[in-house]
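A short worksheet on the structure shown next.
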Amino acid sequence: MERDYSDLFVIALGGWRLELLRLLAYQSSMLRMPLYLVGGVVRDVLLGRTVNDFDLVLEGDSAVFAEYIMKKYGGKIMVHAKFRTATWVINESTFNRLNIFTDFPDSPLSFDLVSARSESYAQPGALPTVKRSTFKDDLRRRDFTINAMAFRLDGDHFGKLFDPLDGHIDLEHKLIRVLHTKSFVDDPTRIFRAIRYAERYGFAIEPATLSLINDEARGVLAQLSGERLRHEFDLIFEEANASTMLEQSKELGLLDTIHPALLAAESQSLIALLAEPEKELGDFFAPGILSSKQTLGWILYLLNLSANNIDTIAKRLAFPTLLTKAVRGAAALNADLASFSDWKPSQWTFRLDEIPTLAVYAVYLMKRESALRDYLSEWRNLKPYTTGYTLQQRGLEPGPLYAHILRQLRAAWLDGEIKTEEEEAMMLKGLIG
Ligand code: ATP
């Protein structure tokens with residue numbers, strides 16, 4: 001059952017990653033708690049891809065193990081008793097303590113430790129009920145054979161592949177295969193996961209698995225909460241092949257099931273997601289809990305939809321308010337753009353100030369309108385020297401007049417009517433007498 005891939009394993013994880021894993025392995029041997037590296041990392045090591053996340057499963061109490069590690073090596077732990085998980089977060093001082101002479105990565109490193117568990121579903125589509133169990137059961141709760149492999153780490157087993165469900169054979173044949181026939185009914189988000197892996201790696205969904213994407217599974221999908229469904233799209237927008245993944249979701253009837261308004265969404269425009277943000281246009285912060293890429297993905301995907309359809313989708317998929325605002329703002333701008341062609345910079349600026357910058361950037365990616373570029377790189381940051389404080393100093397009573405004066409001064413700068421601080425002072429004198 002155990003196959004030895006330790007050479008490949010050592011090559012793929014060489015350096016400080018390997019050192020940290022060896023250390024965890026040593027401690028797990030001491031505590032007699034078998035430790036495994038599981039899931040995506042195993043698949044990616046076997047595919048020769050870069051690995052960033054580590055999921056570790058322990059046959060034992062993860063909280064006890066994490067506490068032990070922290071006491072000995074420092075860092076912090078977070079324990080989630082309900083899910084039987086613990087996270088060990090390490091910082092630069094842990095590296096020093098362990099004599100790892102490598103620059104510490106840019107962001108803190110974390111290792112997720114989970115006690116081996118099995119899952120059952122009280123009803124289709126419900127969140128699973130978790131129970132402590134053996135490691136073999138832990139693999140059986142997973143989505144696909146290629147994600148149900150593990151490298152054992154403790155003792156003499158270091159680097160040995162543990163693959164009771166023959167995931168490596170499906171990996172060789174480039175196949176995505178579920179572990180049992182109720183898999184998609186238990187958790188229909190796995191259908192999106194299948195599509196993501198298939199498109200990301202150029203694999204096929206194995207025919208029997210494909211036939212399980214049927215009306216029964218779609219029926220359960222239709223019942224899932226907006227947050228759970230939206231999260232699947234969020235993950236797609238992080239992928240290089242986002243547009244083909246959404247096409248495939250459409251062909252398999254998933255979009256129609258979630259909401260027919262999604263059928264009009266434009267997956268081709270997502271190719272613009274691949275465009276690197278143009279540095280001189282500045283940094284754009286995503287509004288709310290989504291990453292910039294995810295927000296941009298939603299905006300581009302829904303750009304051509306009517307306001308009504310956007311609102312319906314936003315409601316079904318529980319969009320955060322600011323995401324809805326960004327998508328609505330971008331769609332309206334995109335639709336009206338042609339009618340702004342003879343506008344002055346100040347008109348553009350005051351219009352564009354009303355919507356999130358990321359929405360302006362999305363429309364720029366699609367239309368390459370130079371005024372949008374000028375707005376992002378210059379106009380949005382252009383402000384007069386005069387401030388509310390200046391006006392107060394000049395004895396003006398605070399009130400709506402302040403905004404009016406500052407807006408006129410800003411417009412004059414934007415439209416090139418004033419070019420120096422002195423010219424601004426002259427204009428201000430004219431405005432307030
Ligand atoms: P990615 O490269 O997309 O991050 P991953 O395989 O690391 O892929 P995660 O979402 O981080 O995916 O999940 C880690 C592991 O947990 C998976 O490899 C799989 O074994 C298991 N898993 C995650 N989600 C599910 C699910 N919905 N059903 C069953 N198993 C799951």
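Order of listing sets the numbers, starting from 1, for every ligand and every atom in it. Counting begins at 1 with the first residue of the sequence.
- Here R328 pairs with D311 in a salt bridge; the nearest charged N to carboxylate O distance falls below 4.0 Å.
- Of all atoms in ligand 1, numbered sequentially from 1 with element shown, those under 4.0 Å from a heavy atom of R141 are 29 (C), 30 (N).
- Scored by the side chain to side chain donor-acceptor pair (under 3.5 Å) test, S267 finds E247 as partners (sequence neighbours excluded).
- The closest donor-acceptor contact from the side chain of R380 to the backbone of L376 lies under 3.5 Å.
- Salt-bridge annotation for D187 and R228: present, with a side-chain N of the basic residue lying under 4.0 Å from a carboxylate O of the acidic one.
- Nearest residue to atom 29 (C) of ligand 1 from V38, D143, N147 is D143 (criterion: closest heavy atom).
- Between E216 and K182, at least one side-chain nitrogen of the basic residue sits less than 4.0 Å from a carboxylate oxygen of the acidic one, meeting the salt-bridge criterion.
- Under a 4.0 angstrom heavy-atom cut-off, F144 registers as lying outside contact with ligand 1.
- Counted by atom type alone, Y26 and R22 present zero donor-acceptor pairs between their side chains at under 3.5 Å.
- Of all the listed residues (Y197, Y201, F192, F54), Y197 holds the heavy atom that lies closest to atom 5 (P) of ligand 1.
- The existence of a salt bridge linking R410 and D353 is confirmed by a sub-4.0 Å separation between a basic side-chain nitrogen and an acidic carboxylate oxygen.
- Heavy atoms of E119 come nearer than 4.0 angstrom to ligand 1 in no pair at all.
- When non-hydrogen atoms are compared, ligand 1 lies under 4.0 Å from the side chain of R43 (C-beta onward) but not from its backbone.
- Atom 3 (O) of ligand 1 has its closest protein heavy atom at R200 NH2, 2.7 Å.
- In terms of protein heavy-atom proximity, atom 27 (N) of ligand 1 is closest to D187 OD2, 2.9 Å.
- Scanning all protein heavy atoms for the shortest distance to atom 18 (O) of ligand 1 gives G40 N, 3.2 Å.
- Of the protein's non-hydrogen atoms, the one nearest atom 14 (C) of ligand 1 is D55 OD2, 3.4 Å.
- For the pair L212 and T181, the tightest heavy-atom approach, listed with the atom from each and the gap, is CD2-O, 3.6 Å.
- Counting protein heavy atoms only, atom 28 (N) of ligand 1 is closest to R190 NE, 2.8 Å.
- Within ligand 1, counting atoms from 1 as listed, the ones closer than 4.0 Å to a heavy atom of G39 are 18 (O).
- Looking at S243, its side chain never comes within 3.5 Å of a backbone N or O of L270 through a donor-acceptor pair.
- Nearest to atom 24 (N) of ligand 1 among the protein's heavy atoms is R193 CZ, 3.1 Å.
- Here the shortest heavy-atom distance to atom 20 (O) of ligand 1, taken over E232, E238, M149, R142, belongs to R142.
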